[in-house]
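In what follows, a single structure is set out as structure tokens and then discussed.
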There are 2 protein chains.
Amino acid sequence: MRVVTDRLPHVLRSDAASNRARILEAARTLFSARGLDVPMREVARRAGVGPATLYRHFPTKQALVTEAFADQMRECRAIVDRGYADPDPWHGLCSVIEKICELHARDRGFTEAFMSTFPNAADVTADRAYTVKAVTELALRARESGHLRPDFLIPDDLILMLMANRGIHASTPSSRAAASRRFAGFVIQMIQASPQHSPLPPATSLNR
Amino acid sequence: MRVVTDRLPHVLRSDAASNRARILEAARTLFSARGLDVPMREVARRAGVGPATLYRHFPTKQALVTEAFADQMRECRAIVDRGYADPDPWHGLCSVIEKICELHARDRGFTEAFMSTFPNAADVTADRAYTVKAVTELALRARESGHLRPDFLIPDDLILMLMANRGIHASTPSSRAAASRRFAGFVIQMIQASPQHSPLPPATSLNR
DNA sequence: AGCCAAGCGGACGGGGGCGTCCGTTAGCGT
DNA sequence: ACGCTAACGGACGCCCCCGTCCGCTTGGCT
């Protein structure tokens, strides 16, 4: 007797599977290089499929983005997890900052997906919340350890620096990566505890 | 005998002048709040004129942008001039950084106009070059005075910080201004000379 | 008051992106 | 080998933006 689940084909036909893979590859390439506002048609064109096929596999652009950046999201979580697990919280925090900046510098689309509050992007939102929570706790421990300056607001100033990193552009991916790396170096020195710090301008919540 | 220049009407009719003024006001408002990719139609709509009128006064979007931000450009030059004239170069540099960040935070369109290399934007390019040159000399003096960290690259790192400031967004203009102010505070402390600085990652030119 | 050109804006054609429909193709199971 | 249906993609209608043309309005001068 056939069970109910047999009625929905959960396995793709071979051509469908390869099309899907090519679409994702095309999306990753284009989104990485040019950000999220690449036309869906162009993704389809690069993947060698018609627009209808693209829309059949990913009914909304958000779905495509979420799938395309699943790897990057995993890598992002892995970065914060490794930092979180570091016995030296300051060292862990520094490595998180460096790696996240590099990840964002390497992939413009991922930056947009991660930062911009996409409407109805439940997955991305959840991943971001997880990341922010983990890095918040890590930063709190770093502050307790005395290495992080006490007036550094957690997580607001971390988000501030991530936003700042997003503004860094350059004409080639490699020079962008280098600029972002240098910026991360500045940031790390900037947030280090030091006796000579004068008071900073106050922060208001970023949401209002 | 009438002279040749009489043949071109150099004075606008009163309605034309008021339309022109209203167009510029509308453009300033919309560009400030939403950046440069506001449709020309929308500027016309807000100014209460037809699209043809808008295009008659400003045949290209670049012309409109240049006119609309002439004030901001003047203010920008004034800021660097005041900093340049400061007898204490470090103090002058700090005030330039604070003021420029604030100016950019207040006006999203100006940021885009100033940063993005608009094709055929001779005016903006010249203004930017002037600004960069002045602030470069100011920073060099600040470095000689011993207040600016010696490994700070001039003007590359200044531009890096300006780009970073551009990445800072918020849901309201006032919170954006506050965030930018706080960022500028971080930057100033970060570029201060200090015995404890460890080496920074190298910079590659931003152009290649 | 009357003229007339400076000035106006509605409307047009072109281009591009979007999401969907439907006739055709071809993978896969028998 | 054959048929069935999952899967494909060309083509369509919709909307928005762009830049321009042309018949009408109106400010300003005589």
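The sequence lines fix the lettering, A, B, ..., with proteins before strands; numbering per chain opens at 1.
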- Where along nucleotides 9-16 of chain C does protein come under 4.0 Å, by heavy atom, of base (B) or sugar-phosphate alone (S), with - for untouched nucleotides? BBBB----

Using a 3.5 Å cut-off and no angle test, enumerate the donor-acceptor pairs between side-chain atoms of residues 41-48 of chain A and protein atoms at least two apart in sequence or in another chain.
unit_1: A:E42; atom_1: OE1; unit_2: A:R34; atom_2: NH2; d: 3.4
unit_1: A:E42; atom_1: OE2; unit_2: A:R34; atom_2: NH1; d: 2.6

Whole Å only: how far is the [atom1] atom of [X] from the [atom2] atom of [N]?
X	N	atom1	atom2	result
A:F58	C:dG19	CZ	P	15 Å
A:L54	C:dT20	CG	C1'	13 Å
B:L64	D:dC18	CG	P	11 Å
B:D15	D:dG28	CG	C1'	10 Å
A:L30	C:dG17	CG	C1'	15 Å
A:M40	C:dT20	CE	C1'	13 Å
A:L12	C:dG29	CG	P	13 Å
A:K61	C:dG19	NZ	C1'	13 Å

- Task: Give the C-alpha distance, both sets of side-chain angles, the deciding distance and a yes or no for salt bridge (Lys or Arg N to Asp or Glu O under 4.0 Å) between B:K133 and B:E137.
- Result: CA-CA 6 Å; B:K133 184 162 186 294; B:E137 291 177 24; 3.1 Å; yes

Distance-only criterion, 3.5 Å: show the donor-acceptor pairs between side-chain atoms of residues 102-109 of chain A and protein atoms not counting sequence neighbours.
unit_1: A:E102; atom_1: OE2; unit_2: A:R106; atom_2: NH2; d: 3.4
unit_1: A:D107; atom_1: OD1; unit_2: A:S32; atom_2: OG; d: 3.3
unit_1: A:D107; atom_1: OD1; unit_2: A:G109; atom_2: N; d: 3.2
unit_1: A:D107; atom_1: OD1; unit_2: A:F110; atom_2: N; d: 2.9
unit_1: A:D107; atom_1: OD2; unit_2: A:S32; atom_2: OG; d: 2.8
unit_1: A:D107; atom_1: OD2; unit_2: A:Q72; atom_2: NE2; d: 2.4

- Can a donor-acceptor pair under 3.5 Å be found between the side-chain atoms of A:R13 and the base atoms of D:dA7?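 Per atom types, no contact qualifies.
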
- State, without any angle test, whether B:T66 and B:Q62 hold a side-chain donor-acceptor pair at a distance under 3.5 Å.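 Side chains of B:T66 and B:Q62: pair found under 3.5 Å.
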
- Looking only at heavy atoms, which two atoms of A:F152 and A:R143 are closest? And how far apart?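 What the structure gives for the nearest pair is O-NH2, 2.7 Å.
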
- Nearest non-hydrogen partners of B:A142 and B:P89, listed with the distance: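 Where B:A142 meets B:P89 most closely, the heavy atoms are N-CB, 3.6 Å.
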
- Message: Taking 4.0 Å as the cut-off, does a side-chain nitrogen or oxygen of B:H57 come that near to OP1 or OP2 on C:dG7?
- Response: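 The answer is no; no side-chain N or O of B:H57 sits under 4.0 Å from OP1 or OP2.
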
